[in-house]
Protein chains: 2
Amino acid sequence: MNDIETVSIDKIIENLIYLHPLLSKSLTRSIRAKTNLNPGSLYILGMLSKNEILSMSEIGCKLSIPKPHVTGQVDKLIAEEMVERLFDPHDRRIINIRMTEKGMEDFKIIKQDISKDMRERIEKLDKQKLDVLFDSTQQVRDILSEIMTDSHSPLTSCNKNQ
Amino acid sequence: MNDIETVSIDKIIENLIYLHPLLSKSLTRSIRAKTNLNPGSLYILGMLSKNEILSMSEIGCKLSIPKPHVTGQVDKLIAEEMVERLFDPHDRRIINIRMTEKGMEDFKIIKQDISKDMRERIEKLDKQKLDVLFDSTQQVRDILSEIMTDSHSPLTSCNKNQ
DNA sequence: ATTAATAGTTATACTTTTGTAACCATTATT
DNA sequence: AATAATGGTTACAAAAGTATAACTATTAAT
């Protein structure tokens with residue numbers, strides 16, 4: 001790793017640190033204002049929309065949520081009938097979670113609702129900046145999703161008490 | 001706003017929603033583990049490193065933090081001697097905040113500390129992906145910083161009781 | 001001069017998030 | 001068969017963020 005790359009990494013991290021509160025406030029605020037769900041359970045929905053079936057542990061692993069917290073969040077989603085438990089025939093300890101049809105429909109609407117404020121801001125951008133934002137968020141997402149979740153590494157990294 | 005642009009906006013928002021928990025867990029966890037500060041006060045430092053001087057209200061405005069909360073967070077930073085109060089000669093109601101030398105040095109070290117875990121992951125990327133991540137985080141940051149903070153709009157949008 | 005508005009603080013209550021320890025049921029190991 | 005490890009739950013405590021009302025000091029408006 002040479003000097004130029006080290007400087008790049010510093011800058012990347014600085015960008016991410018700066019970016020986070022901007023996203024955080026906007027998202028959590030509108031999630032709370034416009035849905036009955038809390039941010040955490042919504043992120044589980046997001047993860048389930050990318051991975052059709054996940055066990056409780058896998059959810060905790062991918063989102064870095066301690067296991068007891070996963071139980072609570074999923075309970076809320078089940079109460080709303082947005083996800084369902086599937087019992088694993090091969091290992092009766094495992095409980096798999098999958099979105100229901102209702103969950104997918106609701107999630108779609110929720111995403112539109114919570115994005116309303118942000119949408120109004122984004123709509124003011126000119127075509128060129130819109131394209132840039134589109135491409136760059138996609139790239140950040142792809143790369144971070146690759147390195148930040150632990151799903152690509154052996155299960156051992158997720159076997160802690162979380 | 002045509003259909004293609006609408007679809008782009010949907011996708012951008014989906015990307016940001018997905019991105020958020022990935023950043024959130026990693027950052028807040030290491031902030032707690034490696035500093036005496038809480039995430040909120042660190043975000044204030046981040047904002048002050050981009051805007052040399054900000055009043056209490058402007059801080060709350062830019063980070064969407066209610067005013068009483070700003071007081072508490074800044075108090076913590078002052079206790080650590082990382083920021084200082086400057087009294088405005090033109091309007092004695094206003095208290096401006098600026099990072100101290102110590103604050104800048106500490107902040108630099110803190111950033112390195114909390115980025116350690118993330119750095120290890122980013123370092124595994126090949127040169128090409130590193131460059132892409134560098135450019136795209138920069139672009140997301142520039143554009144979001146433009147539209148997500150209220151600093152570009154008339155003060156009226158920040159004069160609520162926050 | 002009086003009133004209204006602004007900047008910031010104090011105090012309080014509340015919700016959300018986070019962390020941890022102990023526990024049960026099931027499966028794997030020896 | 002006994003023990004250890006895993007997946008998940010329950011329960012509780014601590015930390016952080018959020019919201020609101022009431023207050024002081026200062027400035028602006030009439």
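Each chain gets a letter, A, B and so on, in the order the sequences are listed, and its residues count up from 1. Everything quoted here is computed from the prediction, not taken from an experiment.
The residue B:K25 sits close only to the backbone: its heavy atoms come under 4.0 Å of sugar-phosphate atoms, none of a base.
Residue A:S57 places at least one side-chain N or O under 4.0 Å from the OP1 or OP2 atom of D:dG8. Note on B:Q73: every side-chain N or O is 4.0 Å or more away from OP1 and OP2 of D:dA16.
Hydrophobic cluster membership is shared by A:I95 and A:I78, with clusters built from Ile, Leu, Val, Met, Phe, Trp and Tyr side chains linked at under 4.5 angstrom.
If you measure from atom CD1 of A:I44 to atom P of C:dT17, you get 11 Å, rounded to the nearest angstrom. Atom CD1 in A:I97 sits about 12 Å away from atom C1' in D:dG7, given to the nearest Å. Separating the CG atom of A:N38 from the C1' atom of D:dG17 is a distance of 14 Å, rounded to the nearest angstrom. What separates CZ of B:R29 from C1' of C:dT17 is a distance of 11 Å, to the nearest Å. A:L37 places its CG atom 11 Å from the P atom of C:dT16, with the value rounded to the nearest Å. Atom-to-atom, CE of B:M56 to C1' of C:dT6 comes out at 15 Å; the value is rounded to the nearest Å.
Looking at every heavy atom in both residues, A:L42 comes nearest to A:I110 through CD1-CG2, 3.7 Å. Residues B:F107 and B:M82 share a closest heavy-atom pair of N-CE, 4.0 Å. Across every non-hydrogen atom of A:L37 and A:E80, the tightest pair is CD2-CG, 4.1 Å.
For B:K102, the NZ atom is densely surrounded, since the number of other residues' heavy atoms within 6.0 Å is greater than 12.
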Under 3.5 Å, which N/O atoms of the protein pair with N/O atoms of nucleotides 10-15 of chain C?
none

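Side chains of B:R85 and B:I97 form a contact here, defined as non-hydrogen atoms less than 4.5 Å apart.
Every residue meeting the salt bridge (Lys or Arg N to Asp or Glu O under 4.0 Å) condition with B:E84, not counting sequence neighbours, appears here in chain and number order: B:R98.
Listed candidates were C:dT20, C:dT17, D:dA16. Nearest to the side chain of A:P66 is C:dT20.
Across residues 84-96 of chain A, A:R85, A:R93, A:I94, A:I95 each have a non-hydrogen atom less than 4.0 Å from an atom of DNA chain D (numbered order).
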